[in-house]
Number of protein chains: 2
Amino acid sequence: MSDAIPVTEASAEAIVLRLTEAVHEHRVLPGMKLSEDEVGEVFGVSRTIVRQALRSMAHGGLVSIERNRGAFVAKPSVKEAREVFEARALLEPQTARAAAERATPADIEALEQHIRREHAALAAGEAGRALKLSGLFHVEIARLADQKTIHAFIEQLVSRSSLVIALYWQRRNALCESHAHDALLDALRRNDPDSAEELMKGHLVDLVSQLNLRETPDESRSLREALLG
Amino acid sequence: MSDAIPVTEASAEAIVLRLTEAVHEHRVLPGMKLSEDEVGEVFGVSRTIVRQALRSMAHGGLVSIERNRGAFVAKPSVKEAREVFEARALLEPQTARAAAERATPADIEALEQHIRREHAALAAGEAGRALKLSGLFHVEIARLADQKTIHAFIEQLVSRSSLVIALYWQRRNALCESHAHDALLDALRRNDPDSAEELMKGHLVDLVSQLNLRETPDESRSLREALLG
DNA sequence: TGAGCAAATATTGTATACGATTTTGCTTGG
DNA sequence: CCAAGCAAAATCGTATACAATATTTGCTCA
């Protein structure tokens, strides 16, 4: 516990936040082991708290727990990856519509700042941070819709999408989807529900189309490839 | 721990199942306190396990945990009640469609048996059991759609709907929605996605229309009514 | 008699200890 | 030299003990 990071609020929720952020920024990758002792030492809390946090994340699909083996960052299969985006396709367009109906100038201002940070991170080459902000943009829109239940679902789906992107993203070229968010923001600014819904639908299709969901990266093959390549 | 109920698998998940079933059957009602010691004694497990279970249910919205005060069966507000059914309206019609596309004769057979049990429970006057089966019917349809992610969402929404029904259902007349399920099953049997989607949409609208979502049942008034009435 | 305060009680929050299971590395026999 | 089996280490699962916090109860005083 030498270099323990002090946690403002030594609660499980704080650790969930920290770990989730790390996943969003791709600093923690699918399959990585999350040892209870290790996590506990890093954050300076006991295993009890860590276990709470890990179980909570497991419930959200970000972590998978194998009995007597421990917790690992989840590795969504191709099928699961598809399901995540199919669920998003069901929820997010309608949610964007609702957001467009309700968005106030203050909301727009906040989203503009969000996008500016997105661009700044991209410009600074902080790909992880940009990715996190990009996902958060969708969550923020859900928040505008004032639907806590759907908001929570989307939050979970966005998190899992980070894992999917880590596993299945094709191009390293990350600066592609800026325009989509700009356009969405514009529709929200104009309080144009139809456009918002349609743009979100298209944006999600675009996202999926940039994934390689052909074959599941099973352990043996990816290992072999890693060693031979 | 005198009359402890032996649990086949002394795991948190088993307790979640038992408690969730009790909620579905309205044997445990919104607002009821779930003391860790008490639950632990009932099921013959330690508080550690009970806490896991309660936190898990809290994550699903069935239980609300107040720090240093304990866990209570959740009491969805009117707003939350609306949100639950709005989310269902977004997810379930499409899911019914997918189920209709995929349903095999074996699936239909299982659903028929399910509905028979629903009718039997109703005939036997076991309102709680009937209600549970009625909710489970929706979950089963989601299972047919072969979408684990959406399935999990719907499972959660159906559970929370049980709470909503406990709080806001108007008529005690419970035998109203049998026909809706019969009709849905028929659409699935005919592999008729359009009908299935439309029937599900209408069924959900019917359900909401039988709720009284005008005013939030605040504590003081309900207590006063209970004592004066 | 009722309100306010204080002690007592009960309940939850967290840490730690112990037992069970898995993994790993060594040893030994082929 | 390799494989199989065994032993030791590491890690997780659960229970329990202790600390922190909320609630209740009973007392005092106006």
Side-chain angles (χ1 to χ4, degrees), chain A residues 1-19 28 30-75 219-220 223 227, chain B residues 1-19 28 30-75 219-220 223 227:
Chain A
M1 199 162 125
S2 52
D3 46 22
I5 299 174
V7 174
T8 53
E9 192 185 6
S11 93
E13 209 51 40
I15 292 178
V16 169
L17 256 47
R18 297 285 295 270
L19 285 178
V28 167
M32 185 175 289
K33 168 126 201 216
L34 298 172
S35 156
E36 295 181 354
D37 277 327
E38 194 173 346
V39 174
E41 282 181 19
V42 168
F43 292 114
V45 296
S46 87
R47 277 180 55 219
T48 307
I49 306 297
V50 175
R51 282 176 71 79
Q52 282 181 27
L54 292 176
R55 289 188 82 88
S56 173
M57 292 177 76
H59 211 280
L62 233 66
V63 158
S64 80
I65 293 177
E66 298 173 33
R67 186 181 171 92
N68 282 320
R69 288 195 19 91
F72 303 82
V73 179
K75 289 176 58 172
E219 208 60 14
S220 56
L223 173 60
L227 297 179
Chain B
M1 201 162 125
S2 53
D3 46 21
I5 299 173
V7 174
T8 52
E9 191 186 5
S11 94
E13 210 51 38
I15 292 178
V16 170
L17 256 50
R18 296 286 295 270
L19 285 178
V28 166
M32 186 175 291
K33 167 128 202 214
L34 298 172
S35 153
E36 295 179 356
D37 278 328
E38 195 173 345
V39 174
E41 282 180 19
V42 168
F43 292 115
V45 296
S46 89
R47 278 180 55 218
T48 307
I49 306 297
V50 175
R51 281 177 71 80
Q52 281 180 28
L54 292 177
R55 289 188 83 87
S56 173
M57 292 177 75
H59 211 280
L62 233 66
V63 159
S64 80
I65 293 177
E66 298 173 34
R67 182 175 175 99
N68 282 319
R69 288 195 18 94
F72 303 83
V73 179
K75 287 177 59 173
E219 205 62 14
S220 57
L223 172 61
L227 297 179

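In what follows, every chain begins at residue 1, and chains take the letters A, B, ... in the order their sequences are listed.
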At a cut-off of 3.5 Å, list every protein nitrogen or oxygen paired with a nitrogen or oxygen from nucleotides 6-10 of chain D, distance to 0.1 Å.
none

| For the pair made of CD1 in B/Ile49 and P in D/dC12, what is the distance, rounded to whole Å? | 16 Å
| request: Indicate whether OP1 or OP2 belonging to C/dG13 is found under 4.0 Å from a side-chain N or O atom of B/Arg51. | output: yes
| Taking all atoms of both residues into account, what is the closest heavy-atom pair of B/Ile65 and B/Ala58, and its distance? | CD1-CB, 3.8 Å
Find every protein N or O atom lying less than 3.5 Å from an N or O atom of nucleotides 5-10 of chain C, and list the pairs.
none

| remark: In this structure, CG of A/Leu62 is separated from CG of A/Leu34 (nearest 0.5 Å) by 9.5 Å
| Distance-minimising heavy-atom pair for A/Leu54 and A/Ala71 | CD1-CB, 3.8 Å
| Rounded to whole angstroms, how far apart are CD on B/Glu36 and P on C/dT14? | 11 Å
| Which is it for A/Thr48 and A/Arg51 under the side chain to side chain contact (heavy atoms under 4.5 Å, CB included) test, yes or no, and what are the steps along the way? | CA-CA 5 Å; A/Thr48 307; A/Arg51 282 176 71 79; 6.0 Å; no
| request: Compare side-chain N and O positions of A/Thr48 against OP1 and OP2 of C/dT14 and report whether any pair is under 4.0 Å apart. | output: no
For nucleotides 22-24 of chain C, give me every protein contact, N/O to N/O, under 3.5 Å, one pair per line with atom names.
unit_1	atom_1	unit_2	atom_2	d
C/dT23	OP1	A/Arg69	NH1	2.3

| If you look only at pairs with a residue in residues 54-65 of chain B, which of them pass as a salt bridge (Lys or Arg N to Asp or Glu O under 4.0 Å), with sequence neighbours excluded? | none
| task | Kindly write out the residues that satisfy side chain to side chain contact (heavy atoms under 4.5 Å, CB included) with B/Ala74, not counting sequence neighbours, or none if the list is empty. | result | B/Leu163
| said: Without decimals, in angstroms, what is the distance between A/Ile65 CD1 and C/dT21 P? | reply: 18 Å
| query | So which nucleotide from C/dG13, C/dA17, C/dT11 ends up closest to the side chain of B/Arg47? | reply | C/dG13
| query | Between C/dT14 atom P and A/Ile15 atom CD1, what is the distance in whole Å? | reply | 10 Å
| Under 3.5 Å, side chain of A/Lys75 to main-chain N/O of A/Ser64, donor-acceptor pair present? | no
| task | Would you give the length of the straight line joining atom CE of A/Met57 to atom NE2 of B/His59, rounded to the nearest 0.5 angstrom? | result | 9.5 Å
| What nucleotide, of D/dC12, C/dT12, D/dT16, holds the atom closest to the side chain of B/Asp37? | C/dT12
